[in-house]
Amino acid sequence: MISADHSCLTLFNCCRSLTSVKQIHAHLSKIGLDVDPLIAGKLILQCCTAISASLALTYAHHFFGCLKAPDTFMYNTLIRGYSESQSPGCSFELFNQLNRNSGCSGSPPRPDSFSFAFVLKAAANMSSFRAGSQLHCQAFLHGLDAHLFVGTTLISMYAECGRRNSARRVFDEMPQPNVVAWNAMLTACFRCSDLEDARALFERMPFKNSASFNVQISGFMKAGKVESARSVFNSLGLKDDVTWNTMIVGFAQNSYFDEALMYFRDMLHMGIRPTEVSLIGVLSACADAGMLVSAKILHGFVEKSWFLENISVRNALLDAYSKCGDVGMARSVFDHMTVDRNVISWTCMISGLAMYGRVNEAIQLFYEMEESGVQPDRITFISILYACSHAGLIEQGHSYFSKMKDVYGLDPGIEHYGCMVDLYGRAGKLAEAYKFVSQMPIEPTDTIWRTLLGACSIHGNVHLAQRAREKLMVLDPNNSSDRVLLSNIYAVIGQWKDVAAIRNSMSTERMKKDPGWSMIEVDKLAYKFTAGRNYSGFTQEAYEKLGEIMSRLKEGGGYVPEVKSVLHDIEDEEKEGSVALHSEKLAVAFGLKRLHKSKTIHVMKNLRICKDCHEFMKIVSQLYDVDIVVRDRSRFHSFKDGSCSCKDYW
DNA sequence: TTAGGGTTAG
């Protein structure tokens, strides 16, 4: 056999695609070098780490299967590759194979500390306590449970499975835990929501590094303790990039959107080089808050920066545009990607189009995704099912639901069942929806019943609504929006006694309805409006403009207030007054007053838009020749020339 | 040529 020329090894370092790996492999195979252990190992490593797409993993696995005597390194590399993939279960199969071999005669490969570290990561990623604890026993049998790296991975695995006590036992049995092991234990306390224990552990730590403080900041942020996180941050002299990122991401997760932006700016002013995490964090704040202007500024920054070809940043940008109401720009970011699109790029674009009611394009994109060789995952299916349900495409939705399992081997989760209930319910097929819920192989959750209740509210089915309500009273008795929904159903059919009963029960139990608000950005500033009369500052301007719009609408616009959405047993004239002051109307009035005429008015609302406001927006868009985009809790409504992109189906 | 703790978009 020809001896391996190890300069071949460096060739693989340049491979960034499976095609180039295949080309080098074909060449080496011709001269019989591909089976050299060093070269074969490098090939597998390159597929699993540098490329790591599922096709590359499959290629490496197939090649591995053709080798006569794969070594532990090759096993480990594949186990690692699968542990971070969409099929972490394959890590277990390979590990078991390696473990079985180790009992054979001769000198077969045996699992080592690397094998355990990687396979435990797979158990952690699957949150599988059962698999993780079995591996713990195996590690004990191999004398590796006290190994510093294996022990630390065991702590993280137990933390991921929510088993703080098991994590603690591993930690307590470590002969000499180092700072990494202490940090892993600190993370475990926060993951398992044991804040007091985390504080006590932090005080006892014999050594701390910057990661220890970052664990604390992140732990407080995830627990919603923003001020505690801020005080740790302020107490630090030296802050690294992860410290800044943790603050930015934490603010975004806790809806402190302005502060996320502010800290990003501060980070730049301090001369700290932002990473992709900083950009993802700040862009997700823009997406959630609907801050289109800020997203555009960040886009400008990205175009001039070293993030130009970063797929994660591109995806975050595309998502921000689509959630801020500019699906055209989202599509442009998607179409002009110079790096290979991944499953997240496709899914973001599909869900962006779906939220806009551009369902045919979403379906076309799903098809193109399949053609391109990128496999849809669970979230892609949620997006495409959402698209079908918001367009009333029952047959098509049903066929995607089947395809999920039959073609892609993905078991539908509770979210997918939720989409199906919504698909039937929204289309008015309430009997089918109820039958589907009754026959679900997993226990219906409160969300499933709430979806059904929502459908009953659209279609006025009091009987089924009451049944859903009974279930909800057991599963989530303190939810105010469920009661509001049921009282709406009674109000529409005029059963005022039942409306009053629900209102009374809410007031005795001191429940409050979520207050509705709408937000509009003007000259880089966000203005928030709430319903009702509140004459102060900029709101005065909005009321005056709204009054003028209303008179013009009633004179020549053919607008008749739709008062069914009003819940109280009051006279129609008063109801008119009530719907007239909904926050989205005020925001649009303010936009008409302050924004340049050629601009589109973007409004973000925290609740669903009501029928009256929907009619109002249609007529205003025609009468004032202006485009209005409203993002409500579940989708976008794009009003133009008197009609809405949702085609009145929402 | 492989590891463990801190931040990551749908």
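Note that the structure is a prediction, hence the values are computed from the model and not measured. Per chain, numbering begins at 1; letters A, B, ... match sequence-line order.
When heavy atoms are screened at a 4.0 angstrom cut-off, A:F116 is found touching no nucleic acid atom at all. A:S383 comes within 4.0 angstrom of nothing in the nucleic acid, heavy atoms only. Using a 4.0 Å heavy-atom distance criterion, A:S156 is classed as a sugar-phosphate-only contact.
Of the candidates B:dT8, B:dG4, B:dG10, B:dG4 carries the atom nearest the A:L148 side chain, counting heavy atoms from C-beta on. When distances are taken from the side chain of A:S113 to each of B:dG10, B:dA3, B:dA9, the shortest belongs to B:dA3. Considering only side-chain atoms of A:Q253, the nucleotide from B:dT2, B:dT8, B:dG5 that sits closest is B:dT8. Side-chain proximity of A:F149 to the nucleotides B:dT7, B:dA9, B:dG4 is greatest for B:dG4. Of the candidate nucleotides B:dT7, B:dT2, B:dG10, B:dG10 has the atom lying nearest to any side-chain atom of A:V343. Between B:dA3, B:dG10, B:dA9, one nucleotide has an atom nearer to the side chain of A:D377 than all others, and that is B:dG10.
A:K208 forms a cation-pi arrangement with A:F202, by the criterion of a distance under 6.0 Å to the ring centre and an angle within 45° of the ring axis. Cation-pi geometry between A:K403 and A:Y408 is not met at under 6.0 angstrom from the ring centre and within 45 degrees of the axis.
A salt bridge links A:R314 with A:E303: at least one charged nitrogen is closer than 4.0 Å to a carboxylate oxygen.
The side chain of A:S218 contributes an N or O atom lying less than 4.0 Å from OP1 or OP2 of B:dT7. Phosphate contact (OP1/OP2 of B:dT2, side-chain N/O of A:K42, threshold under 4.0 Å): absent. In terms of phosphate contacts, A:K121 brings a side-chain nitrogen or oxygen within less than 4.0 Å of OP1 or OP2 of B:dG5. Between A:R80 and the phosphate of B:dA3, there is a side-chain N or O to OP1/OP2 separation shorter than 4.0 Å.
Going from atom OH of A:Y321 over to atom P of B:dG10 covers 17 Å, rounded to whole Å. Distance CZ (A:F171) to P (B:dG4): 19 Å, rounded to an integer number of Å.
Ring planes of A:F114 and A:F118: tilted class, angle from 30 to 60°. Relative ring orientation between A:Y75 and A:F64 is described as perpendicular, the plane-to-plane angle rising above 60° on a 0-90° scale split at 30° and 60°.
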